[in-house]
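Protein chains get the first letters and strands the later ones, always in sequence-line order, with residue 1 at the start of each.
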Amino acid sequence: MTARTVDAALAREFGLSNEEYERVLAIMGRTPSLTELGIFSVMWSEHCSYKSSRVWLKTLPTTAPWVIHGPGENAGVVDIGRGLAAIFKMESHNHPSFIEPYQGAATGVGGILRDVFTMGARPVANLNALRFGSPENPVTRRIVDGVVRGIGGYGNCVGVPTVGGEINFHPSFDGNPLVNAMTVGIARTDRIFLSAAAGIGNPVVYVGSRTGRDGIHGATMASAEFGADAEAKRPTVQVGDPFVEKLLIEACLELMATDAIVAIQDMGAAGLTSSSVEMAGKGGVGIELDLDHVPQRERGMTAYEMMLSESQERMLIVIRPDREDVARAIFDKWELDFAVIGHITETGHIVVKHRGVVEADIPLDPLAEQAPLYRRPLGDRVVPEPLGRVHDPIGTEAALLRLIGSPDIASRAWVWNQYDSTVGGRTVRRPGAADAAVVVVSEDDAGFDSTLALALTTDCTPRYVQACARTGGAQAVAEAYRNLCAVGATPLAVTDNLNFGNPERPEIMRQFADAIEGMGVACRALDFPVVSGNVSLYNETKNPDGTTTAILPTPAIGGLGVLEDANRAVGLSLAPGLSLVLIGETAGALGQSLWLREVLGQEEGAPPPLDLAAERRHGAFVRDQIAAGRIAASHDLADGGLLVAIAEMAMAGRTGVALDTPPSGLPPYGWWFGEDQARYLLGTAEPDALLAAAASAGVPARIIGHADGSDGLTLPEGVTISLARLRAAHDRFFPALMDA
Amino acid sequence: MKAIVTVMLKDGVLDPQGKAIGHALHVQGFGEVQEVRAGRVIELDIDARDREAAAARVDEMARKLLANQVIESFKVEIV
Amino acid sequence: MKAIVTVMLKDGVLDPQGKAIGHALHVQGFGEVQEVRAGRVIELDIDARDREAAAARVDEMARKLLANQVIESFKVEIV
Amino acid sequence: MRAGIVVFPGTNRERDMAIALHRVTGIRPMMLWHRDTKLPKLDLVVLPGGFSHGDYLRCGAMAAHSPVMSAVRAHAATGGAVLGVCNGFQILTEAQLLPGALLRNAGLRFLSQDWHLRVERADTIFTSAWRQGDIFRVPLAHGDGNYIADADTLDRIEDEGQVAFRYCDAEGRVSPETSPNGSARSIAGVFDRSRRILGLMPHPEDLVDPLMGGTDGLPLFKSLLESLVS
Ligand SMILES: Nc1ncnc2c1ncn2[C@@H]1O[C@H](COP(=O)(O)OP(=O)(O)O)[C@@H](O)[C@H]1O
Ligand SMILES: [Mg+2]
């Protein structure tokens with residue numbers, strides 16, 4: 001490596017364009033050293049610089065009275081009352097998870113945990129949004145297996161419960177699965193830690209695992225599409241050590257209870273480089289590192305290797321000089337490496353020394369300010385053709401059985417049964433029990449009687465985004481909002497993970513811009529700001545014939561809401577005697593519906609239209625009715641429509657349901673399987689009061705059946721579909737795919 | 001015939017398990033231990049014409065299934 | 001000196017991992033595989049006067065920590 | 001009842017256990033550290049769940065050699081009660097305070113779901129609030145819960161009444177199919193000879209509050225409270 005001369009060709013290998021390299025030369029006024037080139041290339045990679053996405057991200061709404069820190073910090077911070085804050089973010093580990101599914105997913109979980117506890121929060125919940133290729137593709141099974149084991153292997157060991165998430169299958173993810181991991185933590189609002197370095201002369205401390213040659217150039221890899229050389233990029237895979245992460249969490253939280261910390265930042269993508277550059281840059285100071293003091297796992301590492309290593313489970317901390325002993329004692333107790341590797345300077349430069357030689361000396365301001373920023377060309381906006389006439393070839397019963405067992409709807413128990421969802425003693429609603437997971441928060445770790453709770457969800461419907469990115473982007477936000485309302489929570493804020501193809505292709509950039517526009521519109525309409533997020537571009541696979549396949553655009557939304565009293569949280573389980581009330585308007589929207597895809601084999605039409613005012617009104621109504629104690633079961637309507645939701649509620653509650661005749665004017669398949677938005681299905685023992693309240697709130701509501709305690713769903717025409725059959729169909733998919 | 005496949009992490013790949021074992025041995029008074037690496041071993045009984053044939057097949061098994069060559073290397077012995 | 005400790009489940013202890021590997025090998029077309037046993041291998045670098053001394057110490061390590069003799073047996077090699 | 005919970009590096013269910021103990025006793029249990037060599041005067045020492053030392057090598061193997069374990073042994077030798085849950089159970093078997101061993105789940109996957117247990121005897125300090133044969137629901141969360149011992153040992157612990165709980169179905173039937181992890185004779189928990197030490201794989205401490213889905217796990221802690229008043 002060291003033998004290479006630094007020139008434009010090498011810069012290109014490092015992912016810098018000629019023009020970007022020219023800019024490096026101008027900033028440096030000389031040919032950069034290899035280490036300097038490495039630093040520029042990772043800091044200016046898509047992953048770290050957001051060069052293609054920044055102009056669009058800036059359009060998102062990020063503020064509200066309850067937002068304490070929006071985008072720009074390691075994670076978003078919102079006030080949840082009682083002096084507490086929820087800190088949360090979602091992050092992708094897509095490319096690593098294709099190369100090595102177990103370690104890719106595991107280190108994804110580890111990375112997002114660090115983004116959250118680095119701000120002072122104890123992580124209390126993990127979620128994950130996963131997209132896999134076609135179940136028919138033989139590779140899919142290996143990837144699902146590795147990813148699920150990796151998420152469980154890491155999350156279970158660190159002792160953070162995995163409480164929710166989502167999974168889709170689609171051939172566009174065959175060569176490029178999506179693994180988006182979300183962590184939520186709790187901190188006191190007066191003890192939130194930021195990354196801006198300060199205090200000339202203050203020591204810079206390295207803690208955690210030692211540095212090896214792992215993942216060098218991971219950040220640039222995450223910013224490149226996969227071609228035939230994916231194989232060659234393999235040695236960059238990192239291995240996670242969840243045990244060390246657990247120790248790191250405890251040690252950092254213990255240190256955070258003292259007054260030793262000036263600034264703290266995890267070493268994520270681009271490790272020591274991005275953490276030191278960002279800490280100094282944000283603080284408007286300089287930083288000097290002496291790499292001789294970096295704890296090293298391997299012999300003979302160069303400055304370049306150490307600066308770019310992505311070894312996991314490491315943190316960088318600026319501490320008060322008079323607290324060094326306190327800090328060291330804590331890390332000794334937890335048996336973690338602790339080393340002073342540098343100090344804060346007033347130079348405004350990052351200076352990296354190794355064996356007495358200055359290996360890098362870069363002015364920080366230009367490195368940040370002159371980072372490339374692209375307003376990439378946009379293709380034409382795609383306007384989907386409305387769905388033409390369809391016919392129903394199989395009837396309601398057969399369609400329900402097919403849908404309930406289809407890959408995007410089938411029971412995910414096989415997956416969540418491998419995730420520890422109860423550790424910590426906070427989980428009020430486990431996976432599968434409600435539309436959103438619910439975890440109770442306590443003011444201190446032993447404050448056993450708090451009933452304040454968080455509701456958490458992740459949502460996106462990529463096929464909608466593919467058909468119409470604006471509607472799809474907005475719909476993802478609306479669905480997250482709905483899932484939170486459905487348990488009775490007040491939605492507060494979202495994190496996002498924007499997974500798209502190659503931004504240099506105008507049609508992809510158009511998807512990206514439109515999806516963000518849609519998200520922004522929905523977030524504004526619902527008072528649901530974006531407080532953190534992550535962008536993952538170049539999610540494409542090069543085909544042997546030279547063409548590329550882009551993933552379905554997937555702006556995954558992680559939603560967070562708050563419930564004053566966890567005892568009020570509503571799940572989806574029906575009980576005999578309850579009436580089923582449908583909230584919202586049903587027009588029978590079948591464009592891009594799962595019914596269309598699974599029954600007719602078509603992915604066509606426009607996604608269901610959104611009415612954000614109705615979303616807001618209906619959501620508020622559902623929350624109010626839950627708060628009034630009128631609702632015993634609740635479920636939002638999404639994939640698969642009304643009848644799928646009814647079946648899910650019936651199976652969860654082990655009770656049959658007798659269904660009323662649909663309104664006239666709609667074909668039965670439109671009524672039962674349409675995916676119209678802003679709808680909820682509520683189980684209530686007080687249907688009259690509920691209908692009266694709906695009427696006065698101007699919310700469409702209608703009784704559609706009642707839970708009769710029988711062992712099947714009885715359709716209006718008299719056909720009964722037994723719960724046993726439904727359950728068998730629902731439970732079959734994952735075990736058949738994975739355990740065969 | 002009996003084959004023994006030993007699968008170890010490649011050099012340079014973090015070995016959390018080996019590290020933890022080394023640490024535990026030190027704590028227990030085995031200070032003379034330096035580097036520790038942990039791996040897996042798989043013993044197979046296999047029908048084959050001769051040792052060469054067996055070795056070739058087991059090598060294929062290791063490549064396809066027994067080792068994850070992204071992070072692991074392996075060694076086959078026929079005994 | 002380098003020591004290799006191989007730890008296997010005792011005969012008679014059911015080995016679900018070995019069984020699963022055997023099954024997977026069959027599915028992948030390696031029908032000639034019969035019994036499969038899975039175990040662990042630990043490689044140690046160790047300071048010792050001579051091979052005997054090393055072997056004795058590593059044997060002690062295995063007894064104390066590396067193997068659980070309720071279910072496992074072990075073998076020490078000095079290389 | 002004075003209770004202490006041992007925290008090893010990688011322990012992660014100490015909080016759950018503290019909640020459960022606090023709930024029945026009204027007193028916050030003490031947290032003990034793996035390097036402690038002496039214990040305060042305690043009626044009950046709990047080894048909670050988690051991944052001590054990452055569960056590297058074998059689950060519980062390294063923790064079983066911690067300094068605190070000598071103190072735990074001494075506590076047990078003088079008749080003190082010891083409860084090990086999940087990783088705590090694994091540590092107790094590795095320390096040979098309990099018979100047998102825990103292997104990888106037969107299905108080779110981590111198991112996190114509710115299961116049913118049958119109470120095998122109700123005349124112990126851990127189980128007196130149940131009746132023999134009672135069935136209760138309890139969360140599992142483990143990758144290595146496959147209980148195993150040689151046939152003689154199994155026969156012996158059966159004969160001596162050391163089996164505390166067995167995995168069963170909702171009706172209390174016990175068969176190989178009702179064992180989620182392949183455990184020999186569906187054993188989910190065992191006592192030592194004195195029945196002052198109990199180890200079990202499932203997590204009764206995670207089911208002590210209606211808010212968290214039920215109170216099926218409470219009798220374990222109520223039994224201890226009744227038996228260990230000090
Ligand atoms: N899609 C997005 N929407 C909102 N904020 C975003 C988005 N992508 C990134 N951000 C914000 O940009 C900052 C940098 O993100 P990232 O590079 O992922 O951080 P880290 O390196 O700490 O993981 C964070 O504050 C993050 O929340
Ligand atoms: Mg970060």
Asker: So which part of D:N146 gets closer than 4.5 Å to some heavy atom of chain C, the side chain, the backbone, both or neither?
Answerer: side chain

Asker: Locate the shortest heavy-atom distance separating D:A106 from C:P16; write the atom from each residue and the value.
Answerer: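 Residues D:A106 and C:P16, closest heavy atoms: O-CB, 3.8 Å.
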
Asker: Can you check side-chain contact (heavy atoms from CB on, under 4.5 Å) on C:V13 and D:D150, steps first, answer last?
Answerer: CA-CA 8 Å; C:V13 175; D:D150 58 48; over 6 Å; no

Asker: Among residues 17-32 of chain C, which ones touch chain D with a heavy-atom distance under 4.5 Å?
Answerer: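 Residues in range: C:Q17, C:A20.
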
Asker: Considering only heavy atoms, which portion of D:L108 lies under 4.5 Å from any heavy atom of chain C: side chain, backbone, both, or neither?
Answerer: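 It is the side chain, since no backbone atom gets that close.
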
Asker: If I take atom CG from residue D:L57 and atom CD1 from residue C:I42, how far apart are they, to the nearest 0.5 angstrom?
Answerer: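 Rounded to the nearest 0.5 Å, the CG-CD1 separation comes out at 5.5 Å.
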
Asker: For chain C, which candidate among D:H65, D:E94, D:R58, D:R104 shows the most heavy-atom pairs at distances under 4.5 Å?
Answerer: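 The residue among D:H65, D:E94, D:R58, D:R104 with the greatest pair count is D:R58.
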
Asker: Determine which residues belonging to residues 2-12 of chain C lie within contact range of chain D, meaning some heavy atom pair is under 4.5 Å apart, and list them by number or answer 'none'.
Answerer: C:L9

Asker: What residues of residues 69-79 of chain C make heavy-atom contacts with chain D at a cutoff under 4.5 angstrom?
Answerer: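 Checking residues 69-79 of chain C against chain D gives C:V70, C:I71, C:E72.
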
Asker: Which residues from residues 48-66 of chain C are near chain D, with near meaning under 4.5 Å between non-hydrogen atoms?
Answerer: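 The list, in residue order, reads C:K64, C:L65, C:L66.
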
